[in-house]
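Only a predicted model underlies this, so the values are computations on that prediction, with no experimental measurement involved. Quick note: numbers below take in every heavy atom, side chains included, and nothing from hydrogens, waters or symmetry partners. Each chain gets a letter, A, B and so on, in the order the sequences are listed, and its residues count up from 1.
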2 protein chains.
Amino acid sequence: MTKKERILSVALYRFAHEGYNAVSTASIAKEAEVSEGLIFKHFKSKQGLLDTLREELESKMAAKVQPVMEAATAAEALHLVFDLLLNVDPVDFNYWRLQYQLKLNEAYEGHRSAQLYLDRLSWALQESGFPEPEMEAQLLFEIVDSALKRIVFEELPEKEKYIEFLRKKYAP
Amino acid sequence: MTKKERILSVALYRFAHEGYNAVSTASIAKEAEVSEGLIFKHFKSKQGLLDTLREELESKMAAKVQPVMEAATAAEALHLVFDLLLNVDPVDFNYWRLQYQLKLNEAYEGHRSAQLYLDRLSWALQESGFPEPEMEAQLLFEIVDSALKRIVFEELPEKEKYIEFLRKKYAP
DNA sequence: ATTGCATGTAAGTAAGTACTCACTTTAACA
DNA sequence: TGTTAAAGTGAGTACTTACTTACATGCAAT
């Protein structure tokens with residue numbers, strides 16, 4: 001692990017758990033055992049450090065969603081939505097926690113890709129015979145999002161049971 | 001409006017929109033047009049100011065949930081869950097936004113009263129014939145919570161339509 | 001009248017903030 | 001082997017932070 005990677009790793013953990021503003025560059029440097037100046041050599045500013053983490057986060061999000069976007073049939077797409085929840089890698093938990101931190105403040109641009117995902121859900125639900133596919137898609141989106149949140153914050157002990165319970169409602 | 005109330009009002013708005021750590025006592029004092037020292041006279045510390053807001057928030061939450069807890073029948077309880085969403089007072093939006101800020105970090109003690117609310121939903125859903133009332137209650141809780149979130153962050157334009165869509169699923 | 005007390009302010013303080021700068025070390029390569 | 005560029009440091013910068021202190025004002029009760 002290079003020093004640069006150590007900075008990123010510490011920053012990800014601290015930003016995800018305590019929030020961007022609560023964490024100082026000095027404390028990141030100390031925990032990563034590097035000089036504070038090195039943070040600014042590599043990332044130009046504290047915001048630049050966050051931006052780097054956000055880029056990593058966004059590519060992870062895109063990869064996660066891809067199977068649903070590329071599924072051959074509507075039924076398969078709906079099935080894969082729940083696989084996505086079953087397969088969250090604990091190594092990535094802090095990236096998702098960071099996402100929930102970022103979503104709160106700034107108007108956060110997950111909007112563009114989120115709309116494509118919503119449209120895809122809407123299409124799949126219509127194909128599957130749901131009478132109000134658009135609202136149903138919005139609801140399903142919120143359900144999956146809140147389940148993901150509970151998973152990464154380790155508040156969902158009976159994960160598998162709960163996900164199967166959800167799946168029955170949309171992809172029986 | 002007394003100076004004390006002005007401090008609380010500015011702090012609520014800023015904490016809710018920007019987050020506790022991003023807002024300085026100096027900037028609160030300036031916006032409320034009082035001296036910075038007065039904040040510490042009244043609230044002892046910045047954390048004390050937040051605690052005061054949190055107490056107000058908690059009593060507002062208890063009042064919101066009360067009708068559901070005291071409903072005579074299960075069907076009425078479920079019906080009232082959605083009224084709760086329809087009747088959120090825009091004047092209180094910042095209190096709910098603050099709640100979503102606080103929930104993220106600290107382990108936030110909404111847990112005790114949340115469990116009572118969950119038990120109540122579980123009971124109502126069982127009475128209404130849902131086969132898995134506990135998971136269904138958990139799900140309903142998340143659905144209502146995310147709808148409230150979208151309402152107070154003004155991301156739900158067709159509020160009434162969406163709430164009726166939800167109500168049909170639980171209290172037809 | 002005088003005490004006491006809550007409300008209020010202006011001007012501090014020490015510690016912490018993000019960030020810079022002059023400098024040294026490391027390591028690949030002509 | 002000497003040159004070059006990146007990686008890395010540690011001590012500084014100007015500024016902001018939460019909080020304190022000394023002092024002023026109005027006002028009710030003794």
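In this entry the distance linking CD1 of A:Ile39 with C1' of D:dA7 reads 14 Å, nearest Å. Rounding to whole angstrom units, NZ of residue A:Lys3 and C1' of D:dG10 are separated by 13 Å. The nearest whole Å value for the distance from the NZ atom in B:Lys46 to the P atom in D:dT17 is 9 Å. If you measure from atom CD of B:Glu36 to atom P of D:dT17, you get 9 Å, rounded to the nearest angstrom. Atom CG of B:Leu38 is separated from atom C1' of D:dC23 by 15 Å (rounded to the nearest Å). For B:Ile28 and D:dC19, the CD1 to C1' distance is 14 Å, given to the nearest whole Å.
Nucleotides of DNA chain C with any atom under 4.0 Å from a heavy atom of chain B span, from 5' to 3', C:dG8 to C:dT9.
Figure legend: cation-pi geometry between A:Lys46 and A:Tyr20, with NZ or CZ positioned under 6.0 Å from the six-membered ring centre and within 45° of its axis.
In terms of modelled atom types and a separation under 3.5 Å, the side chain of B:Glu18 and the main chain of B:Val23 share no donor-acceptor contact.
Comparing A:Gly37 and A:Ser27, the nucleotide of DNA chain C nearest to each residue sits closer to the 5' end for A:Ser27.
Taking the ring pair (Phe, Tyr, Trp, His ring centres under 6.0 Å) definition, one finds that B:Phe130 meets it with B:Tyr170, sequence neighbours left out. Checked against salt bridge (Lys or Arg N to Asp or Glu O under 4.0 Å), A:Arg167 has the following partners two or more places apart in sequence or in another chain: A:Asp83, A:Glu164.
Close to D:dA6, at under 4.0 Å from its OP1 or OP2, lies no side-chain N or O of A:His42.
Looking at heavy-atom distances under 4.0 Å, A:Ser45 makes contact with sugar-phosphate atoms alone, never a base.
At a threshold of 4.0 Å, the pair B:Asp89-B:Lys60 does not count as salt-bridged, since none of the basic side-chain nitrogens sits closer than that to a carboxylate oxygen.
A donor and an acceptor atom sit less than 3.5 Å apart, one in the side chain of A:Lys41 and one in the base of D:dG8.
Inter-residue side-chain proximity for A:Leu8 and A:Leu49 is flagged as met; some heavy-atom pair is nearer than 4.5 Å.
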